[in-house]
Amino acid sequence: MSNRNNIAVFVLIVFILGVGVVRMYLPQKPKVTSSSSNPIKDMVAEPEIADPVAFPITLQDADGRDVTIRKRPARIVSIAPDTTEMLFDIGAGSALIADTTACDYPVEATRLPHIGGAFDMSLESVVAQSPDLIFADSTINKRIISVLQRSGIPVLTISPVNLKSSLAAIRVAGKATGHTTEAANLINSMKAGFAAISKSVHAAVNRTRVLVMYDTSPIYTSGPGTLISDMIDVAGGHNIAASNDPVVSERVIQEQPDVIICSHDLEQRIEKMPAWKGTVPAVAHTAYFHPSADATLIRPSRRLIQGARELAQYLHPELFTSEGKEFTP
């Protein structure tokens, strides 16, 4: 996620043995074949079809609440970067009247009035905008959602924790704003994009081993069932994290990741992790991946396709030309 703040992470040991000796006692890096799970496989069977929508409409949000929207929203406040970007992607950006300082994409989002940061907006700052609908992320905005609901303004939450729920978030946003056709088109475009990327990396003999890192002390990461982990799968990689729990340093050395996904400013701290330089392939080869500004691995938006494509090219350069196109026989 472009400018999202890095979270906090864990420590690492192993100096006593020299680098060569440490390598001797490490288990062989297990190979992960290309038959690993693919989250897009079951999603492309049927095209997304736009349901007609009429207001008033009652929708169930990500927290299981029924939210009634009495008329097509003309004044929307978005209080999370992912909801803001998603609304612009489905053509509802013209109805956005305010967002947060963390809403950094597209550029139009940065020009809207801001009601605070992603974590520090107040009820007063939101209500002052006189919105007829508030869009929120059930995780990022968890602390203020119940407060906002007391205002009587409809609050619709999304929870794009993985690829399936991200597509569901786009679907419900289309219904809530009257942009069902645009939402369906976006979902179909994303499905087609992921399917094409998945097909491109299918020829890979092994799936590159990947670690997601948000900080170094402790080592916070993202495990299976998360959006970024789904993108790793689509791109022909294997996420070495078994869960979202912090990973200990010895486990990273044991798992031998070939690539680390992290922010630019985390690289120097990773380089200083004890014993990683000589024992962790990603560190030894400075194999750090960062999506470009036109891509993401963590937001339910059109840029997710580009994020998966860039990651696939990074993990399997042998399958792509210098222009990023798939090699053809």
Side-chain angles (χ1 to χ4, degrees), residues 1-4 37-44 47-48 62 78 80-93 102-109 118 135 137-140 158-174 179 182-201 208 210 212 214 221-239 259 261-263 289-316 320 324 326:
M1 109 173 69
S2 310
N3 294 326
R4 232 176 235 198
S37 65
N38 190 325
I40 197 64
K41 187 176 179 182
D42 299 325
M43 296 186 191
V44 293
E48 184 78 11
S78 171
D82 52 357
T83 55
T84 296
E85 185 169 343
M86 181 181 63
L87 288 169
F88 273 103
D89 270 356
I90 63 170
C103 297
D104 57 359
Y105 199 95
V107 66
E108 292 85 354
F135 261 94
D137 183 298
S138 63
T139 300
I140 297 173
I158 63 166
S159 182
V161 294
N162 53 31
L163 183 52
K164 184 177 181 179
S165 58
S166 292
L167 298 183
I170 294 169
R171 187 178 299 117
V172 76
H179 289 270
E182 295 93 330
N185 290 341
L186 175 58
I187 291 171
N188 285 326
S189 173
M190 292 172 74
K191 285 181 178 180
F194 296 139
I197 294 163
S198 181
K199 182 180 178 181
S200 296
V201 299
T208 307
V210 181
V212 180
Y214 301 111
T221 186
S222 290
T226 60
L227 180 55
I228 194 168
S229 191
D230 282 351
M231 292 300 96
I232 291 170
D233 285 339
V234 167
H238 169 71
N239 185 359
V259 172
I261 299 176
C262 63
S263 62
F289 176 78
H290 327 280
S292 71
D294 294 321
T296 183
L297 292 173
I298 51 176
R299 292 186 189 175
S301 70
R302 194 180 308 278
R303 287 194 303 151
L304 208 53
I305 308 170
Q306 182 61 18
R309 184 178 293 118
E310 290 178 7
L311 182 58
Q313 292 166 5
Y314 191 88
L315 299 182
H316 298 288
F320 297 87
E326 179 190 358

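Just so you know, these numbers come straight off a predicted model, no measurement behind them. FYI, the numbering just counts along the sequence from 1.
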Non-hydrogen atoms of Leu167 and Lys191 that approach each other most closely: CD1-CE, 4.1 Å

Ion pair Arg302/Asp294, N-O distance below 4.0 Å: no

Donor-acceptor contact below 3.5 Å, side chain Thr226 vs main chain Asn162: no

Any Ile170 side-chain heavy atom under 4.5 Å of Met86 side chain: yes

Verdict with reasoning, Phe289 to Leu297, per side chain to side chain contact (heavy atoms under 4.5 Å, CB included): CA-CA 11 Å; Phe289 176 78; Leu297 292 173; 3.8 Å; yes

His316 side chain to Gly236 backbone, donor-acceptor under 3.5 Å: yes

Distance-only polar pair, side chains of Thr83 and Ser78, donor-acceptor under 3.5 Å: yes

Full working for side chain to side chain contact (heavy atoms under 4.5 Å, CB included) between Ile232 and Ile261: CA-CA 10 Å; Ile232 291 170; Ile261 299 176; 4.0 Å; yes

Distance (rounded to the nearest 0.5 Å) between Leu304 CG and Asp89 CG: 10.0 Å

Within-4.5 Å side-chain heavy-atom neighbours: Thr208 and Tyr314: no

Heavy-atom closest pair, residues Ala235 and Val201: O-CG1, 3.6 Å

Interatomic spacing from CD in Glu310 to OG1 in Thr296 - rounded to 0.5 Å: 10.0 Å

Any donor-acceptor N or O pair under 3.5 Å, side chains Gln306, Arg309: yes

pair Val259-Leu315: side-chain heavy atoms closer than 4.5 Å: yes

Under 3.5 Å side-chain donor-acceptor pair for Ser229 and Asn239: yes

Between CG on residue Asp233 and CG on residue Leu163, distance to nearest 0.5 Å: 10.0 Å

Value rounded to 0.5 Å, distance of CD in Glu85 from CG in Asp104: 7.5 Å

Shortest non-hydrogen contact from Ala312 toward Ile197: CB-CG2, 3.7 Å

Interatomic spacing from CZ in Arg171 to OG in Ser166 - rounded to 0.5 Å: 11.0 Å

Which atom of Ile90 lies closest to which atom of Ala183, heavy atoms considered: CG2-CA, 3.9 Å

Whether His179 side chain and Ala173 backbone form a donor-acceptor pair below 3.5 Å: no

Ser159 (side chain) donor-acceptor with Ala62 (main chain) under 3.5 angstrom: no

Atom pair CD1/OG of Ile158 and Ser165 - distance to nearest 0.5 Å: 9.0 Å

Tyr214 and Ser222: side chain donor to acceptor below 3.5 Å: yes

Side-chain heavy atoms of Ser200 within contact of Phe320, under 4.5 Å: yes

Closest non-hydrogen atom pair between Asp82 and Pro160, with its separation: OD2-CG, 3.5 Å

Side chain to side chain contact (heavy atoms under 4.5 Å, CB included) between Met190 and Ile187, intermediate numbers included: CA-CA 5 Å; Met190 292 172 74; Ile187 291 171; 5.6 Å; no

Nearest heavy-atom neighbours spanning Asp137 and Ala80: CB-CB, 3.7 Å

